[in-house]
*Asks:* 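The structure under discussion is supplied below as structure tokens; questions concerning it will follow.
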Amino acid sequence: MSDLDPEGQERRLSAIAPERLAALGAADDGDDHPLPDLPNAEAFEEIRMRLAPNPNGPWHLGNARMAAVIGTYTDRYDGWMCCRFDDTDPETKRPDLDAYDAILNAITYLEFEPDEAIRASDRLPTYYEYARELIDREGAYTCSCSAADFSELKNAGEACPHRDKSASETRAEFDEMVEGEVDPGERVLRVRTDITHPNPALRDWVAFRMIDTPHPREAASEFRCWPLLDFQSGIDDHLTGITHIVRGIDLQDSAKRQRFVYDYFDWTYPEVIHWGHINVDAYDVPMSTSSIKGLIEAGDLDGWDDPRAPTLASLRRRGIRGEAITEAMVALGTSTNEADLSMSAIYAANRERIDDDADRAFLVQDGIERTVIGSPTVGEPPVHPDHDERGVREIQVGGAVRIEAEDLPPNGERVWLKGLGCMRHTRDAFEFVGTDIAAVREEGVPVIHWVPADDARPVTLRRPDGDVEGTAEPGIAAYDSDTVLQFERVGFARIDAQDDEGRTVAYFAHP
RNA sequence: GCUCCGGUGGUGUAGUCCGGCCAAUCAUAUUGCCCUCUCGAGGCAAUGACCGGGGUUCGAAUCCCCGCCGGAGCACCA
């Protein structure tokens with residue numbers, strides 16, 4: 001076995017003695033694992049985790065962290081991952097029917113594949129069943145206090161008059177709720193926890209409430225009695241055999257609440273990891289599903305993939321690979337602190353992946369024209385500076401070029417038009433000087449990009465900070481949409497569309 | 001008001017459980033130099049952090065206490 005390479009050894013070892021492979025990984029000090037080991041991982045035969053998104057909109061960057069971290073963990077432990085849509089509020093967090101698929105696509109984009117996808121709204125009968133069982137175990141009671149009244153009692157640590165209701169009476173009243181015979185606000189089912197618990201957040205929380213607004217999914221539109229997250233999620237985590245839960249600190253108290261239910265059922269609660277909120281720089285648009293949705297509806301954004309939006313659809317359209325996002329998210333770790341994510345971390349990870357493949361091209365954004373005198377008729381910059389074998393781009397000069405206004409040298413000074421040669425700026429023209437590269441290497445003549453003045457292709461470059469018009473070398477017309485190029489000295493961009501009028505639309509990725 | 005959680009360079013992170021190998025890791029960022037017909041890539045170097053105060057100890061980023069600061073929950077939202 002010693003003649004196998006390390007990877008081969010690992011594969012072979014995992015086949016014959018998986019438990020020793022885990023030990024090997026630990027001894028290796030987890031060299032390629034940016035995330036800490038999962039707590040108590042060795043206690044489980046299979047690591048099972050879930051993503052539990054609310055499908056109230058397509059994903060923004062913040063949501064990506066969930067898939068990136070959980071997916072990385074399940075890959076690493078060769079575990080099982082489920083995408084469970086927690087869509088149990090048809091009213092205030094009303095599901096968006098397009099979001100279910102958009103979210104699954106986003107997960108694929110991030111390079112993960114859930115083993116299973118389920119929707120809480122398909123599972124109401126199961127929740128009812130366990131609610132009845134909980135009632136029979138004296139773990140819940142129906143309560144008809146108003147929310148305000150109960151809150152007052154709860155804050156004082158006092159039981160409400162309904163708390164000592166019998167299981168059979170609760171059972172009957174809960175059945176009425178399930179049948180839809182109760183109005184919203186009239187009655188809820190509460191879990192009997194500890195009404196004097198020092199932490200008021202844990203006292204007799206609501207498990208089911210009535211909602212009249214039909215669920216947008218037809219299959220779930222008849223239900224009126226809906227579980228809240230703590231009940232639904234708690235039951236599902238147990239039934240799907242989840243071993244590790246990773247979620248935000250906003251759900252810190254959830255585990256403590258759900259443990260009361262687990263205790264009634266004599267279940268073991270999964271291991272839990274919490275992380276803090278992340279803030280992303282470089283965006284003016286707030287990273288919240290509802291704000292983005294609002295801006296789109298108001299017409300301030302073109303859609304979920306507008307380059308100004310901090311959404312996954314937007315980054316995808318800009319040519320940023322999901323892997324790069326995953327890498328940056330995983331690097332954030334799982335600290336409970338609030339964290340600032342720099343887009344530059346994503347950009348750096350992406351650049352590493354796309355640079356080698358991206359052909360080079362010239363794009364001039366803020367052009368100024370100069371006649372060219374005496375130069376070769378064709379410029380031949382390389383397709384990729386690190387890959388001679390990919391050849392050169394042949395750009396017809398056509399007598400005049402356009403360059404960035406800021407690149408124009410003072411009169412009498414020289415500039416090197418990349419792939420064409422050295423020029424001296426006379427009053428209103430570029431006079432060809434020659435192609436001796438010593439001018440650049442030894443005399444420090446600046447190298448700049450350029451396009452033919454008469455035969456350049458108009459380009460709209462859509463950037464996170466707004467659209468820019470420019471012109472590019474004609475060769476970019478040949479690229480299919482979805483190709484990622486590097487506009488030299490401008491940055492990487494994804495070709496989005498080549499229209500019939502001879503215009504290219506590209507989305508800017510990053511420098 | 002009550003209850004949790006956390007504070008390491010500009011940013012993120014490792015180390016904290018089991019105190020010494022940490023004058024603190026890695027990445028990103030910024031700057032400079034080298035290389036290069038890109039401000040990309042690559043190479044080299046520099047910059048820069050243990051919230052504060054006490055205590056325990058021969059020794060504390062690490063343990064204890066008190067502050068301070070930040071975050072979260074106390075919804076018939078997720």
*Asks:* What's the closest nucleotide to the side chain of Pro385(A) if the choices are G40(B), C37(B), G71(B)?
*Replies:* G40(B)
*Asks:* Choosing from G10(B), C77(B), C74(B), which nucleotide comes nearest the side chain of Ser342(A)?
*Replies:* G10(B)
*Asks:* Say whether, by atom type as modelled, one donor and one acceptor occur between the side chain of Arg351(A) and the main chain of Pro511(A) under 3.5 angstrom.
*Replies:* yes
*Asks:* Does G40(B) have OP1 or OP2 sitting under 4.0 Å from an N or O in the side chain of Arg360(A)?
*Replies:* no
*Asks:* Any side-chain N or O of Thr88(A) less than 4.0 Å from the OP1 or OP2 oxygen of A78(B)?
*Replies:* yes
*Asks:* What's the closest nucleotide to the side chain of Ala201(A) if the choices are G6(B), C74(B), U13(B)?
*Replies:* C74(B)
*Asks:* Nearest to the side chain of Leu228(A), heavy atoms from C-beta on, is which of G6(B), C77(B), A72(B)?
*Replies:* C77(B)
*Asks:* Roughly how many Å is it from CZ in Arg257(A) to P in U3(B), rounded to a whole number?
*Replies:* 16 Å
*Asks:* Which nucleotide in the list A78(B), G73(B), U3(B) gets nearest to the side chain of Leu229(A)?
*Replies:* A78(B)
*Asks:* Mapping Arg187(A) and Leu332(A) onto RNA chain B by nearest heavy atom, which one lands closer to the 5' end?
*Replies:* Leu332(A)
*Asks:* Contact between Ile395(A) and Pro452(A) at the side-chain level, heavy atoms closer than 4.5 Å - yes or no?
*Replies:* yes
*Asks:* Does Phe508(A) offer a backbone N or O that forms a donor-acceptor pair with the side chain of Arg463(A) under 3.5 Å?
*Replies:* no
*Asks:* Starting from P on G10(B), measure out to CG on Asn279(A) and report it in whole angstrom.
*Replies:* 17 Å
*Asks:* Among U11(B), C76(B), G40(B), find the nucleotide with the atom closest to the side chain of Asp340(A).
*Replies:* U11(B)
*Asks:* Checking the side chain of Arg402(A) only, and the main-chain atoms of Val364(A) only, is there a donor and an acceptor separated by less than 3.5 Å?
*Replies:* no
*Asks:* If we take the P atom in both C66(B) and A27(B), what is their distance in whole Å?
*Replies:* 40 Å
*Asks:* To the side chain of Arg351(A), which of G40(B), A78(B), G7(B) is closest?
*Replies:* G40(B)
*Asks:* Name the one of Ile278(A), Asn63(A), Asn279(A) that satisfies side chain to side chain contact (heavy atoms under 4.5 Å, CB included) with Met287(A)?
*Replies:* Ile278(A)
*Asks:* From C-beta outward on Ala348(A), which listed nucleotide comes closest to its side chain: U3(B), U28(B), C39(B)?
*Replies:* U28(B)
*Asks:* Taking the side chain of Arg489(A) as heavy atoms from C-beta outward, which of C76(B), U38(B), G71(B) is closest to it?
*Replies:* U38(B)
*Asks:* Is any side-chain N or O of Lys418(A) under 3.5 Å from a base N or O of C37(B), one able to act as donor and the other as acceptor?
*Replies:* no
*Asks:* Does G73(B) have OP1 or OP2 under 4.0 Å away from a side-chain N or O of Ser254(A)?
*Replies:* no
*Asks:* Rounding to an integer number of angstrom, what distance separates C63(B) and G15(B) when you compare their C1' atoms?
*Replies:* 16 Å
*Asks:* Nearest of A78(B), A75(B), G73(B) to any side-chain atom of Lys154(A)?
*Replies:* A75(B)
*Asks:* Do the side-chain N or O atoms of Arg209(A) get closer than 4.0 angstrom to the phosphate oxygens (OP1, OP2) of A78(B)?
*Replies:* yes
